[in-house]
Every structure is written in structure tokens, then in C-alpha cells.
Amino acid sequence: MPHLGTENAFSVIGKAKKFEQEVLKPQGKYLVYLQIGEPGFNTPANINEAAIKAIRDNQTHYTATPGIPQLRDAIAKSTGGYTGVDYKPEDVVVVAGGKPIMFYTINALIDEGDEVIVPNPSYPIYGSVTEYLGGKVVPIQLKEENDFNFSAKELEDKITAKTKLIIINTPQNPTGAVFPRELIENIARLAIKNDLWVLSDEIYNEMVHEGEHVSIASVKGMPERTVILNGCSKTFAMTGYRVGWGVTKNPEMAKYLEQLACNDISCVNTPAQYAALEALTGPQSAIEVKKMLNEYKERRDLMVSMVNEIPGMHCHKPKGAFYLMVNVRQILDRLKITAADLCERIMKEANVLILPGTVFGLFGDDFVRFSYVSTKEMIVEGLTRIKNFLATI
Ligand SMILES: Cc1ncc(COP(=O)(O)O)c(C=O)c1O
């Protein structure tokens with residue numbers, strides 16, 4: 001257990017809610033939440049109605065472990081649509097949110113001492129699970145000056161005889177980077193040359209503001225050595241439904257994912273599977289997703305321009321997802337504190353919640369992460385509070 005990490009964003013929110021309730025509320029004050037990693041919209045109504053209808057129709061029993069056939073078929077088609085790969089329902093395993101696919105894929109592949117290459121900063125669970133299973137995390141630094149991308153050479157230098165798996169996530173949490181086609185093709189070339197697996201976390205594939213999302217599975221020779229992780233959480237504002245999936249053209253891996261899911265959860269909540277089916281095949285989804293995306297883009301532009309007006313803070317304009325990595329090195333050096341200390345002070349003294357970059361790994365230590373899912377009013381309120389607070393210290 002000491003090797004297992006966690007997602008600190010969840011513990012931060014627990015602490016913050018307690019602080020708001022016990023300290024701020026009695027004074028008539030409130031926290032502005034600019035750390036949230038989930039869509040700032042309600043789940044579209046047609047999707048909720050599908051879940052309610054499933055309950056009314058008594059779709060409340062176990063399903064086959066890898067999911068109801070209609071949903072697996074819809075996922076195969078939607079994944080095929082953006083990768084160009086002829087995925088079939090048997091290539092799909094439906095699980096409880098995207099996250100379990102990390103646990104299952106790493107579990108299926110990693111033995112004691114195997115190496116997993118993981119960009120850093122990144123979603124913390126990749127490293128946590130790898131170390132828990134006795135693997136070794138080999139980080140590649142995502143540098144701000146490279147728009148949080150990395151080069152083929154940097155990747156090649158990290159590959160050893162023990163490397164088994166590369167984990168990529170584009171659009172990326174927490175940097176908002178969208179990896180260009182050339183980088184994806186280079187990762188694929190090195191994976192094939194060195195006989196490596198790729199876990200491709202595509203949970204933000206619809207959240208692209210500039211450039212294009214390129215799935216590594218679209219490169220010839222990759223579908224058989226790639227597990228795509230995706231799901232309903234971010235695209236359709238369905239985080240609480242807990243529906244995600246793994247997709248792979250490797251039948252042995254698909255079998256392992258199913259077997260792990262069977263040992264773990266038996267199957268995903270049945271009404272939630274019907275809601276996911278509606279999300280993927282229902283008439284309104286595409287319109288709703290586009291509306292949400294347009295709004296995120298406006299919020300991003302507002303947040304980027306306000307952040308860059310705060311002395312000591314700067315950030316680039318992220319191309320995708322809904323996060324902003326803000327460089328605060330100057331402020332940290334001036335105050336001789338860490339990013340975690342700064343976030344704590346901003347919560348307690350400016351009453352705004354943001355996350356330290358170190359939540360996402362060692363190379364996040366110059367940064368704090370904002371998310372731009374909150375309303376424009378809250379973005380303006382939060383950043384005004386931070387600006388005023390920083391001017392006083
Ligand atoms: C990069 C990334 N992958 C996966 C997930 C988990 O998604 P889910 O809630 O569907 O498990 C998240 C959630 O924040 C994420 O940021």
C-alpha cells in the first residue's frame with residue numbers, strides 16, 4: 001500500500017469544503033472553485049431521460065461484463081469514426097468511468113521492475129498504479145517552452161530493454177497540450193520498433209480548441225498494441241454516471257480487460273449504460289457537445305488574458321481540454337514558498353481554490369493549475385480576488 005498514490009484533487013476538495021463550511025460561511029463568505037476537473041454543465045436532458053426510462057423499463061439487473069451489445073457497438077463505431085480503424089463490438093470493454101482502464105491495462109502488462117514511460121506533469125493515477133504494481137515510472141518532462149510537448153529524441157532516450165508501456169494523454173491534463181500528428185507518428189514508430197504497448201488516454205478527444213486530436217491508433221501497426229481509454233465523463237458532462245471504456249484490436253488484451261473488470265465490478269450500472277448509449281447515438285448530443293465546447297473556448301480566452309495581467313503569473317494558451325498551467329515561479333521565489341503553500345494561502349486568504357502543479361508530478365513545481373469550466377462570472381471573481389491578494393503580499 002505505501003506504493004499506491006492518490007488523486008490529491010479529491011482530498012483538496014474535501015478540505016476546501018470543510019474550510020468553506022466552518023470558517024467562511026459563518027462570515028457570509030464563499031470559495032470560488034477554479035480547480036474543478038469536470039464539466040461545468042448539466043448532463044443533457046435526453047441522456048438523463050434515457051437513464052430514467054431504463055429504470056422504468058426494469059433495466060436494473062446485471063449485464064454481460066463488457067457491456068450491453070448496443071453500447072459496445074456504438075462505442076466501436078464512434079471510436080472507428082475518429083481513428084479510421086474498423087473496431088468491432090468485441091474490441092470494446094465498458095467499465096465504470098475511464099479510470100479503471102488505467103488500472104486494468106497497467107495490471108495486464110506490468111511485472112515487477114518493468115518500466116512505464118509517462119509524461120510529467122500528468123494525471124497522477126498512471127504513476128500511482130504503476131508503482132503499486134511494482135513497475136518503475138520513467139518520466140518525460142513536458143516543458144512550457146515546448147508548448148508542453150516532448151520530442152521523439154527525448155522519448156527514444158528513455159526507452160530501455162525493460163520498457164513495456166508508454167502512456168500518452170492528448171489533449172492533456174493538466175497542461176492542455178494537444179500533441180501534433182508528427183509527434184504521435186514518432187511515438188508510434190518508436191513503439192513498433194521497440195515492441196511497446198501504448199495506453200492512449202483520449203478522455204478529452206472532443207475538447208480541442210485549436211489543432212486536431214490525433215489518436216495513435218490511427219497509425220498503421222498501432223491498434224494491436226494500443227488500448228484507447230475514453231468515456232462519457234468529460235464529453236457529455238456525465239462524470240457521476242461512471243461510464244468509460246477500453247478499446248483495443250488485440251483480442252488477448254480485450255480478454256484481460258474483461259477478466260479484470262469481471263473480478264472487480266462484474267459490470268457497469270445498467271441504467272448508466274443506457275444513458276451512455278443515448279449520449280453516443282441520441283440526436284441532440286452533437287449539438288450539446290458543440291455548445292459546451294464553444295463556451296469553454298470563450299472561458300479559456302477570458303481566463304488566459306486575466307491570468308497574464310497578474311504580476312508574477314504567466315501562461316500559454318492551451319489548445320485543448322479545460323485546464324491552464326500557470327507559471328508562478330517568480331511569486332514562489334519572491335515569497336520563498338512552494339506551489340502547494342501558495343495554493344493554501346490563496347484558498348485561506350483570497351478564498352479561491354486552485355491546485356498546485358505538483359499534484360501532477362515533480363515537473364509541475366513551477367506551476368498552479370486552473371480549470372476554466374466555471375462560469376465567466378466566477379472566473380472574473382476568482383481572478384480578481386487572486387490579483388488583489390497577490391498585490392498585498
Ligand atoms: C486525463 C484523465 N483521464 C481520465 C480521467 C478519469 O475519467 P473518469 O472520471 O471517466 O474516470 C480524468 C479525470 O479527470 C482525466 O483527467
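These figures come from a predicted structure and were not determined experimentally. All ligand and atom numbering here is 1-based and tracks the order in the structure.
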Item checked: With Glu145 via salt bridge (charged side-chain N to carboxylate O under 4.0 Å, His left out) - residues at least two apart -> none
Next item on the list: If the plane angle is over 60° it's perpendicular, under 30° parallel, otherwise tilted; pick one for Tyr372 and Tyr296.
Entry: perpendicular
Acceptor/donor pairs from residues 106-118 side chains to any protein atom, 3.5 angstrom cut, sequence neighbours excluded:
residue : atom : partner : partner atom : Å
Asp114  : OD2  : Asp111  : N            : 2.7
Asp114  : OD2  : Lys164  : NZ           : 2.9
Glu115  : OE1  : Thr160  : OG1          : 2.9

Item checked: side-chain hydrogen bond (donor to acceptor under 3.5 Å, both in side chains): pairs with one or both residues in residues 345-359, sequence neighbours excluded -> Glu344-Lys348, Arg345-Glu349
Margin query: Could you check whether Glu202 and Ser215, counting side-chain N and O atoms only, form a donor-acceptor pair closer than 3.5 Å?
Written below: yes
Check: Can you pull the residues with any heavy atom under 4.0 Å from ligand 1?
Finding: Gly97, Gly98, Lys99, Met102, Tyr123, Tyr126, Asn169, Asn173, Asp201, Ile203, Tyr204, Ser233, Lys234, Arg242
Item checked: Thr226 side chain to Ile228 backbone, donor-acceptor under 3.5 Å -> no
